Number of protein chains: 2
Amino acid sequence: MIDEHEVRDRIVAAADALYYARGIHEVGMDAVRAASGISLKRIYSVFPSKADLVVAVLGERRHVWDRDLGRSLASADGARGRLLAIFDFLRTWFETDDFRGCFFINTYGESGATSEAVHAVVRQQKADFQALVERLALEAGGTEMLGRQLSLLAEGAQTSAAIAGDPSWADDGRAAAEALIDLAIGTVAAPASGSARTHA
Amino acid sequence: MIDEHEVRDRIVAAADALYYARGIHEVGMDAVRAASGISLKRIYSVFPSKADLVVAVLGERRHVWDRDLGRSLASADGARGRLLAIFDFLRTWFETDDFRGCFFINTYGESGATSEAVHAVVRQQKADFQALVERLALEAGGTEMLGRQLSLLAEGAQTSAAIAGDPSWADDGRAAAEALIDLAIGTVAAPASGSARTHA
DNA sequence: AACCGCAGAGAACGAGCGTTCTCAGATTCG
DNA sequence: CGAATCTGAGAACGCTCGTTCTCTGCGGTT
């Protein structure tokens, strides 16, 4: 167990599971030590502080999210299919036993206000996801705004499913996405409301 | 300052502001004491524990949300107008200086996992909002599903606007809502006389 | 005036946290 | 073989927090 890389992975994996299940501030470094089997001294030699470990966990979550979502998108046909596959991906995620909402959103609620480093990672993850959806929306023949609208649906589905404990919110998101996509790319005649904005 | 009721209000108001700005676990009882000007002894005579205070703050947030949203809806015309007014309401809220997302969602991320009482209040608030939107959707001539879809947009707008620090997500939500509503109730060419269902 | 009771201010307490230190045992190298 | 170095386990430290306790002084009643 001298392998620096594996030690790091085990610490992050243990912390990730604990943080996601209980919330970051509810999990002490000693719990990470117990779950990972790595001594405190070694943990601190890899991550100088808990904040560094938190950032590493967020990074790992990002990586896993990108990889898993990417796989789901890769097995879908066409840009429209990939957009809808996002919601299928969410649905299967929501159905997992330990689903407790989006780790990034939860972490923002917990420490976004006080830790700028954490807030930055969360903001970046959300921005990247939105950019991905916008790109797919353009590929599907829609506008950037369509992408933003679909992002909202995906975001809302995550918090709604988490709080209500009901995975079916992914289906509502999917249905709404389908309607918006078809409306935008002209499968259905669109009411030309366009930029009518009564606000401000 | 013997008025039990005013004392309670001042404690809750001080705690609410601090909790929302910094997160609950970042705010100690002593900070609530300093901000409210009420002694610790008195605070504990009204709220036997911090958890009780947290629940009271959540209740007050709920009350304020219901009242303010209700006012916005009351000044809108028709069910369709009231549905869209939700997003105008969100937009003005997002623009306030101290906006830091939905207190309920943030609180869920922070203590929903460990405190069942907190989780219950959060779940109830979201369920009630969803029920309201569903009711409006039915009044507008749409389905329950339309209501659920619009809920997702509102929910997503709150987290997206908070994390990105960008109030304009409310506008994307509004535009998507408009499209979904019109698609659902088929007003593409229908005149305003379609209000066979009247409710003034 | 004398007593009683209560309220305010904040010190005190026990627990838990992040972080550091100690120490015993293993390992390595001359 | 022996000495120097490293490592793991966990005790220890300093701090903060939620909660309780103590002490001091004021107000009301007779």
Side-chain angles (χ1 to χ4, degrees), chain A residues 1-58 106-107 109-118, chain B residues 1-58 106-107 109-118:
Chain A
M1 200 195 297
I2 338 164
D3 186 347
E4 179 78 13
H5 196 71
E6 194 202 326
V7 164
R8 198 192 136 96
D9 284 352
R10 286 174 56 175
I11 298 169
V12 170
D16 178 275
L18 291 170
Y19 289 168
Y20 182 61
R22 298 193 223 154
I24 292 172
H25 79 271
E26 294 287 337
V27 176
M29 295 298 277
D30 197 63
V32 176
R33 177 202 57 78
S36 66
I38 315 279
S39 75
L40 273 180
K41 193 177 178 182
R42 199 98 142 98
I43 293 177
Y44 273 94
S45 77
V46 181
F47 302 104
S49 74
K50 181 176 181 178
D52 294 298
L53 176 55
V54 168
V55 170
V57 168
L58 285 167
N106 292 349
T107 301
E110 190 170 1
S111 26
T114 49
S115 167
E116 185 48 41
V118 166
Chain B
M1 197 191 302
I2 338 163
D3 187 346
E4 178 79 13
H5 196 72
E6 193 201 326
V7 164
R8 200 191 135 94
D9 284 352
R10 285 174 56 175
I11 298 169
V12 170
D16 177 274
L18 290 170
Y19 290 168
Y20 183 60
R22 299 192 223 154
I24 292 171
H25 79 273
E26 294 286 339
V27 177
M29 295 299 275
D30 197 63
V32 176
R33 178 201 57 78
S36 66
I38 316 278
S39 75
L40 273 180
K41 192 177 179 183
R42 199 83 193 266
I43 293 177
Y44 272 93
S45 78
V46 181
F47 301 104
S49 74
K50 182 176 179 176
D52 294 298
L53 176 55
V54 169
V55 170
V57 168
L58 285 167
N106 293 348
T107 301
E110 189 169 1
S111 22
T114 49
S115 166
E116 184 48 41
V118 165

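Below, chain A is the first sequence line, B the second, and so on; all start at residue 1. Every value quoted in this text rests on a predicted model; they were computed, and no experiment measured them. Any value given below was found using the heavy atoms of this structure, including those in side chains, with hydrogens, waters and symmetry copies removed.
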Starting from [atom2] on [N], measure out to [atom1] on [X] and report it in whole angstrom.
X	N	atom1	atom2	answer
A:Arg42	C:dT19	CZ	C1'	18 Å
A:Asp52	C:dT19	CG	P	9 Å
B:His25	C:dC17	NE2	C1'	11 Å
A:Arg33	D:dA9	CZ	C1'	8 Å
A:Arg22	C:dG16	CZ	C1'	14 Å
A:Tyr44	D:dA12	OH	P	18 Å
A:Ile24	C:dG18	CD1	C1'	15 Å

Nearest-neighbour nucleotide for the [X] side chain, [options] considered:
X	options	value
A:Met29	D:dT19, D:dG8, C:dT19	C:dT19
B:Ser39	C:dG8, D:dG8, D:dT20	C:dG8
A:Leu40	D:dG8, C:dT19, C:dG8	C:dT19

Self-check item: Earlier contact from the 5' end, DNA chain C, for A:Lys41 and A:Asp30
Solution: A:Asp30

What distance separates [X] [atom1] from [Y] [atom2], expressed to the nearest 0.5 Å?
X	Y	atom1	atom2	result
B:Leu53	B:Arg8	CG	CZ	9.0 Å
B:Ile24	B:Leu18	CD1	CG	11.5 Å
B:Glu26	A:Glu110	CD	CD	9.0 Å

Quiz item: Would one find a side-chain N or O of B:Lys50 under 4.0 angstrom from OP1 or OP2 of D:dG18?
Solution: yes

Practice problem: Give one of base, sugar-phosphate or nothing for A:Val32, where a contact means two heavy atoms less than 4.0 Å apart. | Solution: nothing

Practice problem: Assess whether side-chain contact (heavy atoms from CB on, under 4.5 Å) is satisfied between A:Val32 and A:Tyr19, documenting all intermediate values. | Solution: CA-CA 9 Å; A:Val32 176; A:Tyr19 289 168; 4.3 Å; yes

